[in-house]
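FYI, side chains are in, hydrogens and waters are out, and symmetry mates aren't considered; it's all heavy atoms of this structure.
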Amino acid sequence: KRINLYDTTSGKCLYERRFQGDEEGAPSAGVGSFVSVLYQFAREVDYGSISRVMYDTGYDKSVPHGHHQGPGPEMVTERRDGVIISVFHCSADHSLVHRFAHQALNEYLQHHKNRG
């Protein structure tokens with residue numbers, strides 16, 4: 001659905017790519033603020049690391065006993081060297097998305113370091 005890279009100091013969006021179905025999604029600044037709040041929350045309750053956030057689609061109240069509608073989208077994230085990558089997706093294989101996010105962050109950081 002969407003890939004974003006953020007500077008952890010300024011909160012500035014360094015890269016954004018939206019895929020089919022997310023063209024009208026939240027603006028990158030809003031997503032960056034949301035991800036920053038998640039990291040802040042993680043620092044306050046634990047050691048500050050997040051790798052995956054799973055969203056629930058909720059319950060269908062029109063169905064007896066409120067049966068679950070199924071899994072919702074997920075966010076895979078990694079923070080390293082002052083940059084956060086967040087990948088919002090609906091894939092069943094979250095480990096593949098984790099590997100993709102890790103490699104994308106590696107490539108971004110390598111390219112950025114070569115330019116500096």
Side-chain angles (χ1 to χ4, degrees):
K1 287 188 161 243
R2 167 184 218 147
I3 300 169
N4 292 88
L5 288 155
Y6 298 96
D7 178 87
T8 57
T9 304
S10 69
K12 178 183 173 189
C13 182
L14 304 170
Y15 175 83
E16 177 178 53
R17 169 103 189 255
R18 294 177 185 210
F19 296 90
Q20 186 176 10
D22 192 46
E23 295 86 359
E24 300 298 319
S28 60
V31 173
S33 295
F34 171 70
V35 173
S36 293
V37 166
L38 290 175
Y39 274 97
Q40 179 181 355
F41 176 74
R43 280 191 306 273
E44 291 177 9
V45 299
D46 203 355
Y47 58 93
S49 181
I50 302 171
S51 62
R52 180 178 176 204
V53 176
M54 299 168 24
Y55 301 93
D56 191 358
T57 56
Y59 295 89
D60 185 347
K61 294 178 184 175
S62 67
V63 176
H65 307 293
H67 287 88
H68 191 264
Q69 292 179 347
E74 293 184 0
M75 179 187 75
V76 169
T77 184
E78 184 175 338
R79 178 180 180 168
R80 191 166 9 111
D81 295 338
V83 178
I84 295 173
I85 186 169
S86 61
V87 179
F88 292 84
H89 70 96
C90 293
S91 171
D93 188 354
H94 69 270
S95 63
L96 178 66
V97 179
H98 269 281
R99 288 191 302 272
F100 166 79
H102 183 78
Q103 184 61 36
L105 184 55
N106 283 344
E107 288 184 21
Y108 177 84
L109 291 171
Q110 185 63 39
H111 176 74
H112 181 73
K113 287 178 183 177
N114 286 339
R115 293 178 71 200

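Both F100 and F19 are part of a single hydrophobic cluster, where members link through side-chain heavy atoms under 4.5 Å apart. When hydrophobic clusters are built by joining Ile, Leu, Val, Met, Phe, Trp and Tyr residues whose side-chain heavy atoms come closer than 4.5 Å, directly or via intermediates, I85 is grouped together with Y15.
With sequence neighbours excluded, the residues forming a side chain to side chain contact (heavy atoms under 4.5 Å, CB included) with S10 are D7, K12, listed by chain and number. With sequence neighbours excluded, the residues that form a salt bridge (charged side-chain N to carboxylate O under 4.0 Å, His left out) with R80 are E78. In this structure E44 satisfies the side chain to side chain contact (heavy atoms under 4.5 Å, CB included) test together with Q40, sequence neighbours excluded. Partners of S51 under the side chain to side chain contact (heavy atoms under 4.5 Å, CB included) rule, at least two apart in sequence or in another chain, are H98. Not counting sequence neighbours, S36 has no partner by the side chain to side chain contact (heavy atoms under 4.5 Å, CB included) test.
Atom CD of Q110 sits about 11.5 Å away from atom CG of L105, to the nearest 0.5 Å. To the nearest 0.5 Å, the span separating SG on C13 from CG on L5 amounts to 7.5 Å. Put simply, CD on E74 and OG on S91 are 8.0 Å apart, with the number rounded to the nearest 0.5 Å. Atoms CD and NE2, from E107 and H112 in turn, are 15.5 Å apart once rounded to the nearest 0.5 Å. Rounded to the nearest 0.5 Å, atoms OG (S86) and CZ (R79) are 13.0 Å apart.
Between M75 and V35 the shortest side-chain heavy-atom distance falls below 4.5 Å. Side chains of Y39 and T8 form no contact here, defined as non-hydrogen atoms less than 4.5 Å apart. Using a 4.5 Å heavy-atom cutoff, the side chains of Y108 and L14 are in contact.
Hydrophobic side-chain contacts under 4.5 Å tie F41 into a cluster, directly or through other members, with V45.
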